[in-house]
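Notes follow once the structure below has been shown.
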Amino acid sequence: MKIIEIEGQKELTGTIRVSGAKNATVALIPAAILTDEEATICNVPEITDTEALCEILEVLNVKVNRSTESLVINPKDMINTEIEEKYSKKLRASYYFMGALLGKYKKAVMYFPGGCSIGARPIDLHLKGFEALGAKVTSNKNQYIVEAEELKGANIYLDIASVGATINIMLAAVKAKGTTIIDNAAKEPEIVNVATFLNNMGAKITGAGTSRIKIVGVNKLHKCFHEVIPDRIEAGTYLIIGALCGNNLKIDNMIPEHLEALTSKLEEMGIELEKGIDYITILGKNEKYKNTNIKTAVYPGFPTDLQQPFTVLLTQANGKSKVTETIWENRFMHIPYLKDLGADIEVKNQTATILGPTELKGTQVVATDLRAGAAMVAAGLLASGTTTITNVEHILRGYENIIEKLTDVGAKIKLKEI
Ligand code: UD1
């Protein structure tokens, strides 16, 4: 079993370089099979979610070549075969193979995806989108067969601006006959990154990043070279850690505009930031942070994926702060562990009320999901004494070299096998 052990209260100073975005990468890898030629993707993070998707590519007989610089995907000899549950359950994003296989072969056979248990996480909007394009969906327990004689462009309105459904429908529609319009599309930067990749391969997608995306179907996609955008959630996590323990801590290779919902809250709390074109430096640790409230929302609102680490910061604010989660119904699993560390938090329905500031003292905690894990790391770095985190596989799914990156700026943090 792997654990992370942190000796807290060390001042963090120096530079942390942000990796490529997990949530873009996990869609770009399945998207690459839409061509029969080679796709080269650089800035791919080395995380277990990337490995899990490459395993699926191998099942589909797709050639994958990984170097430190890039991931080269060649689907020339690809075969369309069932993706077994043992692969799909490793991560949520395995469902992007549904859209990609449907788009390429008009047939996909796979199982319900896995991923963090942060809510029910249905895929009804994805399936409705496929059906609108002309596919028939048959499900038997966890298995889904999605097939079409012909995919035809359609007007699709998403009841919820779902990131996954927006991308999956884009993947299925890229080679459909005619024009597809997705209304109430999600606007996250990762969606723009995937649309740019597909356009680099010859797709005709406009409007990505707005709530109306137009896809004009094309017959063929060709080889391309593409770069993954920096991970805004990783950058945001390190900014929060910097606000807790940083002194001149530079978060480099990031896009500050992607994180305005977070940085405006940090500034409101009294955290001094220096913003550059591709970096933000946390200038120093303030002893008296102002309390604030956050409510998670779709982009460009406050990202749900930063809610859990942000709660840790609110334990250090003066007075009462509130966190309201509107996207996932089960995203407060980090709270009992923060309380074990000494935080004063009450959860009622979808709102956590945090009373601060409180001293945190190291103890044994659990990473119940990926971002809860990030919250535990942030709390452990702040707490006195030693914090031990179990279930760290969740953290390693999404944060490239987290131990090395934090060690390099002065943290005492170790990954141990026990
Ligand atoms: C993506 C991100 C995840 C982030 C989330 C919201 C990836 C791999 N993951 O997840 O980190 O927390 O966006 O920013 O990119 N919903 C339905 N039916 C559907 C699809 C979604 O009801 O068919 C609901 C979900 O239950 C949830 C909301 O819509 O309440 C948003 O989900 P969605 O945007 O789809 O999240 P993911 O794409 O799974």
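Whatever order the structure lists ligands and atoms in, that order sets their numbers, starting from 1. It should be emphasised that the depicted structure is a prediction, and the values quoted were computed from it without experimental measurement. Heavy-atom basis, side chains included; hydrogens, waters and symmetry copies ignored. Quick note: residue numbers are just sequence positions, from 1.
For ligand 1, the atoms lying closer than 4.0 Å to a non-hydrogen atom of Tyr95 are 37 (P), 38 (O), 39 (O). Each of the following atoms of ligand 1 lies closer than 4.0 Å to a heavy atom of Ile123: 23 (O).
At the top of the distance list for atom 9 (N) of ligand 1, counting protein heavy atoms only, stands Asn23 ND2, 3.5 Å. For atom 14 (O) of ligand 1, the closest non-hydrogen atom on the protein side is Thr304 CG2, 3.8 Å. For atom 1 (C) of ligand 1, the closest non-hydrogen atom on the protein side is Val163 CB, 4.0 Å. Of all protein heavy atoms, the one closest to atom 18 (N) of ligand 1 is Asp124 OD1, 2.7 Å. Nearest protein heavy-atom neighbour of atom 24 (C) of ligand 1: Ile160 CD1, 3.9 Å. For atom 11 (O) of ligand 1, the nearest non-hydrogen atom of the protein is Asp305 OD2, 2.6 Å. Among all non-hydrogen protein atoms, the one lying nearest atom 25 (C) of ligand 1 is Trp328 CZ3, 3.5 Å. Regarding atom 35 (O) of ligand 1, its nearest protein heavy-atom neighbour is Ser162 OG, 2.6 Å.
Ring planes of Tyr144 and Phe112: tilted class, angle from 30 to 60°. Aromatic ring orientation, His226 versus Phe197: tilted (interplanar angle from 30° to 60°). Taking the six-membered ring where the residue is Trp, Phe302 and Phe310 present perpendicular rings, their angle passing 60° and hence far from 30°.
Listed for the Asp231 side chain is a donor-acceptor partner under 3.5 Å among the backbone atoms of Lys22. No donor-acceptor pair under 3.5 Å is formed between the side chain of Asp278 and the backbone N or O of Ile255. For the pair Asn253 (side chain) and Val18 (backbone), a donor-acceptor distance under 3.5 Å is present. Using a distance-only test at 3.5 Å, with no hydrogens or angles considered, no donor-acceptor pair links the side chain of Asn291 to the main chain of Ala317. For Thr166 (side chain) and Ala185 (main-chain N/O), no donor-acceptor pair under 3.5 Å exists by modelled atom type.
Within the 4.0 Å heavy-atom criterion, both parts of Ile327, backbone and side chain, lie near ligand 1. The proximity of His126 to ligand 1, defined as any non-hydrogen pair under 4.0 Å, involves the side chain as well as the backbone.
The side chain to side chain donor-acceptor pair (under 3.5 Å) test with Glu325 singles out one residue from Gln350, Arg331, Gln308, Gln307, and that residue is Gln307.
Closest heavy-atom approach to atom 17 (C) of ligand 1 among the candidates Pro122, Gly398, Ala161, Gly164: Pro122.
For Arg331, the closest heavy-atom approach to ligand 1 falls below 4.0 Å.
Judged by the 6.0 Å and 45° rule, Lys187 forms no cation-pi pair with Tyr299.
Geometrically, ligand 1 and Leu125 share a nitrogen or oxygen pair separated by less than 3.5 Å.
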